[in-house]
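Letters A, B, ... mirror the listed sequences (proteins, then strands); counts begin at 1.
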Amino acid sequence: MNTTTQVVYERPESLTGTHTHYCPGCTHGTAHRLIAEVIDEMGLRENSIGVAPVGCSVFAYNYFNMDFVEAAHGRAPAMATGIKRVSPENTVFTYQGDGDLASIGMAEIMHASARGENITVIFINNAIYGMTGGQMAPTTLPGMKTTSSPYGRDVELAGFPIKMAELLSVMDGSGYIVRRSLHDAKHIRQAKKAVRLAFETQQRGLGFSMVELLSSCPTNWGISPQEALGFISERMIPVFPLGDYKVNPELKSIRV
Amino acid sequence: MNTTTQVVYERPESLTGTHTHYCPGCTHGTAHRLIAEVIDEMGLRENSIGVAPVGCSVFAYNYFNMDFVEAAHGRAPAMATGIKRVSPENTVFTYQGDGDLASIGMAEIMHASARGENITVIFINNAIYGMTGGQMAPTTLPGMKTTSSPYGRDVELAGFPIKMAELLSVMDGSGYIVRRSLHDAKHIRQAKKAVRLAFETQQRGLGFSMVELLSSCPTNWGISPQEALGFISERMIPVFPLGDYKVNPELKSIRV
Amino acid sequence: MPINGWIEVDDHHCKGCGLCVEACPQDVLELNMERLTPRGYHPAQMIEETCSGCGICAVVCPDAAISVYREKPQRQAKRARR
Amino acid sequence: MPINGWIEVDDHHCKGCGLCVEACPQDVLELNMERLTPRGYHPAQMIEETCSGCGICAVVCPDAAISVYREKPQRQAKRARR
Amino acid sequence: MAKELLKGNEAFAEAAIRAGVEGFFGYPITPSTEFLEHMARRMPKLGRAFVQAESEVAAINMVYGAACTGKRVMTASSSPGLSLMMEGISYIAGTEIPVVVVNVMRGGPGLGNIAPSQGDYYQMVKGGGHGDYFPIVLAPASVQEAIDSIALAFDLAEKYRSVVHVIVDGNMGQMMEPAELPPMREIPTESPPWAVTGAKGRNPNILTSIYIDPVDEEVTDLRLLKRWKEVEKNEVRYEEYELEDAKIAIVAFGTSARVASSAIHDAREEGIKVGLFRPVTLAPYPQKRLDEIAQQVERILVIEMNSGMMLDDVQRVVQGRVPIEFYGRMGGITPLPGEILEEIRRVAANEDEVEGDPRNEWMTRLEKKIMGGGE
Amino acid sequence: MAKELLKGNEAFAEAAIRAGVEGFFGYPITPSTEFLEHMARRMPKLGRAFVQAESEVAAINMVYGAACTGKRVMTASSSPGLSLMMEGISYIAGTEIPVVVVNVMRGGPGLGNIAPSQGDYYQMVKGGGHGDYFPIVLAPASVQEAIDSIALAFDLAEKYRSVVHVIVDGNMGQMMEPAELPPMREIPTESPPWAVTGAKGRNPNILTSIYIDPVDEEVTDLRLLKRWKEVEKNEVRYEEYELEDAKIAIVAFGTSARVASSAIHDAREEGIKVGLFRPVTLAPYPQKRLDEIAQQVERILVIEMNSGMMLDDVQRVVQGRVPIEFYGRMGGITPLPGEILEEIRRVAANEDEVEGDPRNEWMTRLEKKIMGGGE
Amino acid sequence: MKETSIIISGFGGQGTLFAGQVLAYTAMDNGLEVTWIPSYGPEMRGGTAHCTVIVSEERIGSPLVGSPDIVLALNLPSVDKYETLMSSRGTLIANSSLVNREIERGDITSLLIPANKIAEEIGMSRLANMIMVGAMTKLRPILTLEMVKTGLEEHIPERHRKTLPINFEAIDKGYAFAEEAGAS
Amino acid sequence: MKETSIIISGFGGQGTLFAGQVLAYTAMDNGLEVTWIPSYGPEMRGGTAHCTVIVSEERIGSPLVGSPDIVLALNLPSVDKYETLMSSRGTLIANSSLVNREIERGDITSLLIPANKIAEEIGMSRLANMIMVGAMTKLRPILTLEMVKTGLEEHIPERHRKTLPINFEAIDKGYAFAEEAGAS
Ligand SMILES: Cc1ncc(C[n+]2csc(CCOP(=O)(O)OP(=O)(O)O)c2C)c(N)n1
Ligand SMILES: Cc1ncc(C[n+]2csc(CCOP(=O)(O)OP(=O)(O)O)c2C)c(N)n1
Ligand code: SF4
Ligand code: SF4
Ligand code: SF4
Ligand code: SF4
Ligand code: SF4
Ligand code: SF4
Ligand SMILES: [Mg+2]
Ligand SMILES: [Mg+2]
C-alpha cells in the first residue's frame, strides 16, 4: 500500500518563531499554543488584537504573530474594552494571570463582564505571582507556602482562594464562562475546545467570554514540571472545579 | 386602670441631633436610623468606628454619634480593613452607595469579602449616583433614564445591573450576605434585623457581613418620596430579589 | 375609642416628606400646610386622636423626626428599655 | 511493527522540560543527556521507532517544539488542513 | 457659525465631537460631569463610542486601549479622578500614543470640595505619574479658547504622539459665555502606521511601554526628551495684556488671569502701569518670553488659585532679575478683582525688597484676612 | 548591636519593625518586593498586622484607615505602584494623619523596567496627587542611612501629622551593606487625641479631608502650608563631601550622590577641586545652604538618574549666580564613577558659558554615547 | 454702562439659574459681552442657588464679583447675604413674599416686590423669578423690557414654549409693579 | 588595597550570588567596607545572574563598577561579556568546564579552571562556585583562604551547615589548582 506523509501537528502560524522566556515546563506556553491554534483555525490572525498583562506573560506580544498591546497591571479588560468599542470589527482578547485578573484587576474584569463586552479573556490561574518571584495570589491554596505567605496561606489572615469562573458566571453580561486545566493531553484538548468556544462567543456577539485555565508554575512552586502537573490535578482541581459555569444557549449547537 | 407612658419610639442615641442634608423622603435617613438603633441595642456606640463613603452619605459622620472616618470614593472596605486589622477590638462598619461599592470600589469590596474581613458593610442600592446628580449606577435598571443614560440604560452598550449580594455570596470569606428593602414598615423592620445580624456576625468573628438595602432617590428619579417607595417595590425588587444569600450557620440560632 | 397612643414630630428634623402620612394605618397624620419649619418644610402633625401608638410612622420616617408614646396599663408599667 | 509516525523536535524551542517524555503513550521519547541545545537544554528525542503519530507529545509540549507526522494510506492522502 | 451662549463643560465636549473624537471614556465627578453627560447624549447618536467606566482607573485604561487603534479618544475628569489616572497616563506617555485628557480642577487635597481651583498645577504640569515623561499642558481662559484648545490638543497629541492635558477650573467648566463652535471635522479613514488594527498584510504592530533592558528604556526616554525639545521649540503659547509699558507684570493662567485682567483694567484707570502675562501652554512653559518681560518690568506678581505652584517656574525662569511677589487663594476660592486690585496697589506702592520665599508675607496677610472675618 | 551585612529592602523593613510599625499593607512589585516579604515573615509572629492588599490602591487606603487609629503604619512600593497611590496620598495629606511611604524607584515611564532609577523625583517631591499638599521626602544614600531614615520618617510623620516619603532606587533596595539595626522601640500604648478608637468617654473624633465650604478648605490648606513652613525651618538635612575648597559642586542625591563621591575621590587625586552637596531631604529642599554654596563655587554639576528633575530646583535656588550643568542617565541606568569623572574633567576644563537649558548639551553627548556603541 | 454685574439668588427650585440665563441670552443677542456662572454641584445639596451674570461692552475678565451692581433676591437668606455686599448705588430687588423685613442700606436703590403673590395671581407660582426680572428691566434698563421678552422668546426651551404668554405677563407685571412703586 | 571590585557571573543556579555573599561577609568580618549588589528581578528570567562585590578600606561610593578588578566567570557568556570590560591588570578566572575558548587579553591575569569537573570529582557538582572562590584566594588574596573559610563557617545557612566540610574541600581544591597552574 502506498502511503503519504500526513502532518499531525505543526507549530501554528499565529505563533512567532521567538523562543519564549518561560521556564521549562511552564504551561503558559501551552496556553499560548492553544490560543494560536484556535486563531489559526478560525482564520482570525490578521484581525486579532491581543492585550498582554503584567505578569510572566508580559512579553506575550513577542510570541503571538499578530497585533498586540501591553496593558498596565490588571487593566487589560479596560484596555480591551477601549479597543473593542472603537474597533468592533477586530477580535480582541486579553491574556491575564491570577494576580493580574483576580487581584489588582478585579474591578476591571467584573465590569467588563457586567457590561457584556464582546471580548475574550484567557485567564491563567497558577495560584501564584510568577513574575515577581512567587508571592501569594488570590488563588493560592489554603496552607500553600509562598514568599508572602511563608507559613502557608492562613485563611484567617489572608482569606480564601477566589473563584473567578464562579463569580463571573453571576454576571448577566457573561456569555461563556468555563474552567479548564492544562495538566494532561486530554484536559489540554478540552481546554482548546473551550478557547475555541470563547472566541466563537465573541464572533457571534454573545457577550463576555472567559476561559480559566489551571496552569503550572514549577519554578515558584519549587517542584519539577511533571510534579507541577500532578499538583494541578491533585491539589488545584478540588479547590477550582473544572466545568462550564455559564454557557449562552446559542453556543450549545456549535461543534468544535 | 392606671396607665403609664411607654416610649414606643425615640430617636436613637447613636444619632447626633444634626439635621441631615438628605432630600425629603430619601431613605438614606432610614438606613442611618436602623444602624443607629442596632448599635444602641448592642451597646456598641463607644466602640464603633464608621467609614463614610463618597456619595450622598459623605457627611454620615455628622449624623452618627461615634468615631468616623471618610474614605476615598469606593475605598471604604480597604480603609475599614486597615482599621480593623490594627484595632480588632473595635466594631468597624462601612456605609456605601452603589456607585461607591459596586462601581469604583468593586475590587475593594470583593477582596474584603474574600479575605473574610471582620467588618460590616451597609450597602445602599438606589440604582443611581445621587450625589453627582443622577448618573447611571451599576445597579441602574435596564431602560432606566439617567443623566448618563439619557435614552434609558441600553444593556447592549452599558451592560446589565450588577447584583452585589449574589456576587459576594460566592466568596468563602463571607459570613452574612443578604438583601433587604426600605420601602415600607414591614420591610424596614426586616432590614433592621438584617443589620443586627450583620453586626452580630462581626462581633462573633464570623467574617465579612453585608446588608444590601434597596433605597430610594426621589430627587434623581424625579418622582415623589411616596412614588419612589413604589418604584422600589415594583421595579427594583424584581431585578434585585430580596433574600438571604449567605448566612453562616452559627447565625441561624440568633433571635433578634 | 380612648387615646392610647400619640406622637411628637420634631421640627428640627422633619422635612415634610409625607411618608409617615401615607404609612399611618390609622390615617391620623397630615402635613401641616399652614406652617413652615425653620428649614422651610411643612411638618407632619397628628390630626385625630385615634393613634394606636403602633410606631409605624416612626419606622418609616427617614429623619427620625417622630417619637411615639403609648399609654400602658400599670401592671406592665416598667419603662421600656430603649 | 512498521514505522507509522515520527516527530521532530525543534532545538530552538525545546527546553528539555520532559513533559513529552512523560506523556508519550508509546514510551518512545527521552531527553538527550549527551547534547545541549544552543540555549543550554537537553532536548527531547525519539529513541524507538514505535511512534504511533498520536500527537500527544505535541499537545503537551508547552513550547510548540514538536512537529508530528504520520504515514497514511494513499487513499486518504490529502494533506491534512493545518 | 454664529456665537451661542455655551456652558463650559458642554461646549468643550461638543468641541471634542467636532474635532472628531471617536471614543469617550469617563466617570462622573463634579465639576466636570456635564462633559460626560454631553457625551452620553451625543456619542451614541453619532455611532461613536461612549462608555461610563467603572472608575477613573478603568477610564484612562480604556482610553489607552482605544488610542492604540489610532483613533481620536479622550477622557475628562476632575482632580481626584486625575490622581487615579496617573499610572495610566504614565503608560500612555511611555507607549507614545496620542491622548487628550481634560481636568476641570476643584479644591483639594483629598476629597476637598467641588469649588474651582488650580491646585493640580504640579500634578498636571510636572507629571504626577512615575518616570520621565512630558505632557503638553494647555490652560485656556475662556470658553471660546477652551473650545479651540480641544481641537488643538488633538492635533498636538497626534503630531507629537503625546499626552495633552487641557486644564481649566470649575469656573470654566460651569460658566456660560458666548462662543462659537467649529464645524464638524471629518474623521480620518486611514490609521497611523503604528496603530493596532489587525496585522493584515503587514508585520504585527506592538504597542508597549516596557523596555526591560535599561539601554532600550534610556533610548526611549531620550526620544521622548528630544521630542519634548521640539515641542518646546514649536508650541509655546501665551497671551499678553497691557504689558507694553508695564512696570508690574502679573503672571497668571486660566481663571486667575481673567480675574487679574479685570483688576488690571481698574488699576490702569488709577494710573498704575501693570500688565498681564498669561501662559497658555503651562508646558512647555513660555520661559523665553517671561525672561524678556522680567528684564522690562520692575516687579512680578504671580497670582494663582493654589499655594504657589507656578510660582516655582516663574522663579526658575526669572533667575532673581526682578523681585517676585505672590498672591494666591486656595481650597476652591476664586480671588475677586477687588482683592487683586488691592495687591496691585500694594505692590505698586511698596518699593521694599522681597526677602526669601515670596509666599511668606502673603501667608500672613491671607491669614489675617480669612481668620479675621472670613469671605 | 554589631554591624550585619544587610540587604536593603529587608533592612528597611526590619528598621520599620524596630521603629514600632503596627501595620504594613502592600502589594508586591520589583524592586521593592523583599520589603513586603520580610514583613510577611515577621509581622504575624509579632502579632502585628500584615496584609497583602489586592492592589496599591487598596494598600494605601488600608494604610489610610489604619493610620486613622493613631498607630504607626506604612506601605512600600515601586514607581507604578506609587502612581496608583496618588489619590490615597492626597487624602491622607488632606486628613492630616501621619503615614510613611517607601518608594524603591525603577525605570519608567509606564511599565518601563525594574532597574534602579530616580525618575519619580517630580512625583514624590512636587506631589503627584491633586491639590495643595507637602510631603516630606527623605532620600538616603546608604543602607545604614535608609535604616535610620525609617525611624526618622515615623517621627517626622507624627510630629507634623504629615505624609513622609522615603525614596531610594533599586540599587539601594537590592544591595547588601554592613549596617546596624536599632533596638526595638516600645510601642506607645496611648493614642493621639485625634485618633479614632471608639468614642468612649469623649466626643466622637472625625477624620476627613472634605471641606465643602471653600473657606474651610482654605483654612485647612493654610494650616498645611504653615506647618510646612515649620518643616522647612526645622527639618532640612543634607550632607557635604569635599566642599570646603571646591570650585565645582556636584549636586546629587541617593545613589547618584554615592557614585559621584567615588568620582570626586578620583578627581581630587587628579587635583580637580570638586565636592558634593547631597540633599538628604528633597523636601524641604536645602535651599539656603545650596544658595551659599552657589556663592562659593564656580560651577555646579547636577547629576541624576533621570532627565533632569531636581535640576529645576537647583536652578530655582541658584538664581543664575553660577552656571549649572547637568548629567543624567535615564531608564534604569546607574551612571558609573568613570562617566562622572569624565564629566567632572569636562566641566573643570571648560570655561564656556552654559547657554539655555543645561540639558541641551548633555542630550547631544548622551545620544552620541548610547547610539554609538551602547552601554 | 461699562460692566454691570447681576446676582439672582434664592432657594433651589425658584428658577434663579434660568432667570439669569434669560438675561445672558438677551445680552448676547444684543451684541453685548456676557458671562453667566451658577453656584453648582448637587454635592452642595441644601442652601441657596444663585448665579452671577455680568454684562459688558468690553471683554469680561472675572465672571465673579464681590460687590454686585444688581441683586434679585428671591428669599430672605439672599437679602441677608447680598445687602451688605452690594456696591453702593446698586439695585436690590427683594421678593417680599418671602422676605419679611425692610432693606436697611440707604446708599442703594431697593424695591420690595411680592413676587410670589403676583405670580400666584397670574396663575403660575413658579414665575416669581420672571416677576423679579420684569421689575429689573424697569429699574436698571441695561436690558430693556422688550429686549428681555425677545430674548425669552428666542431661547425658551421648546417644551415650555406654550408658557411664553404667561411668562410675558409675569415680566410685564414685575415691570408695572416697579413702575408704580417707584424705588425707595 | 584601596578598593577592589569583584564580579561573579554565571547561569542562574550556579550559586554566583551566594559566592559573592561569602566574600562580602568575609570582608565585613575582617573590618573592611563592602557592598554586594546582584542582578535582580525574576522579571528578567533567563540570561545570566551576577553580583558585584566591592571591598575597600574606605567608605564605598558606587556599588557598581564599569571595569571590575576580578571576575569569576562561571559560563561562556560571562567571559564574553567581562573579558573586554575588565580593568587592565585585572584577574579573570573562568570555568573551563563550560568555557571552551582561550582568554585573549594579554594585559590581565587569567586562569582557566575546570570548576564543574573538580566539583563533580569531590562529589557535589553545585560547588563549582566555591572552587572558583578558592582559586581567587590564591590569585588575589585580598581575602585569604583562611579568612574565606572562617567567613563561610560563620555565615553558612544553618540548614546547609552539614555541607561545610565539602565546601572547605572545594575551596581548597580551587586554591590548589590555582597554585599548581600558576596563572597565564
Ligand atoms: C501596579 C503594579 N503593581 C505591581 C506590579 C508588579 N507585578 C508584576 S507582575 C505581578 C503579578 C504577576 O502575577 P500573575 O498575574 O499571577 O501572573 P504570573 O506571573 O503568575 O503569570 C506583579 C505584582 C506591577 N508591575 N505594577
Ligand atoms: C475618584 C472620584 N471619582 C468620582 C467622584 C465623584 N462622585 C462623588 S459621589 C459619586 C457617586 C455617588 O453615587 P453612590 O455611590 O451611588 O451614592 P449615592 O449618592 O447614590 O448615595 C461620584 C461619582 C469622586 N468624588 N471621586
Ligand atoms: S515563574 Fe512560573 S509562571 Fe513564570 S514562567 Fe516560570 S514557571 Fe511559568
Ligand atoms: S440625591 Fe437622592 S440619594 Fe441623595 S439625598 Fe437626595 S434623594 Fe437621597
Ligand atoms: S403610631 Fe401608628 S397610629 Fe399613631 S400616628 Fe404613628 S402610624 Fe399612626
Ligand atoms: S416621615 Fe418624618 S420627615 Fe417625613 S413628614 Fe413624616 S415626620 Fe416629617
Ligand atoms: S506522537 Fe504519540 S507516540 Fe509519537 S512520540 Fe508523540 S506521543 Fe509518542
Ligand atoms: S515537552 Fe517540548 S519543551 Fe519539553 S522536552 Fe518535550 S519537546 Fe522539549
Ligand atoms: Mg499567576
Ligand atoms: Mg447610589
Query raised in the report: What part of E/Ala53 is in contact with chain B, defined as an atom under 4.5 angstrom from a non-hydrogen atom: side chain, backbone, both or neither?
Result: backbone

**Report entry** Top contributor to chain B contacts, counting heavy-atom pairs under 4.5 Å, from E/Lys45, E/Glu56, E/Met39
**Finding:** E/Lys45

**Report entry** Salt-bridge contact E/Glu37-E/Arg41 (side-chain N to carboxylate O under 4.0 Å)
**Finding:** no

Requested in this report: Could you tell me whether the side chain of E/Asn113 and the main chain of E/Gly331 form a donor-acceptor pair under 3.5 Å?
Outcome: yes

**Report entry** Plane angle bin for B/His28 and B/His32 - parallel if under 30°, tilted between 30 and 60°, otherwise perpendicular
**Finding:** perpendicular

Query raised in the report: What part of B/Met106 gets closer than 4.5 Å to chain E, counting heavy atoms only: side chain, backbone, both or neither?
Result: neither

Report task. Select, from B/Leu157, B/Asp154, B/Thr146, B/Ile104, the one with the greatest count of heavy-atom pairs under 4.5 Å involving chain E. Result -> B/Ile104

Query raised in the report: Within the distance-only criterion (no hydrogens, no angle test), does the side chain of E/Asn306 pair as donor or acceptor with the backbone N or O of E/Gln118 below 3.5 angstrom?
Result: yes

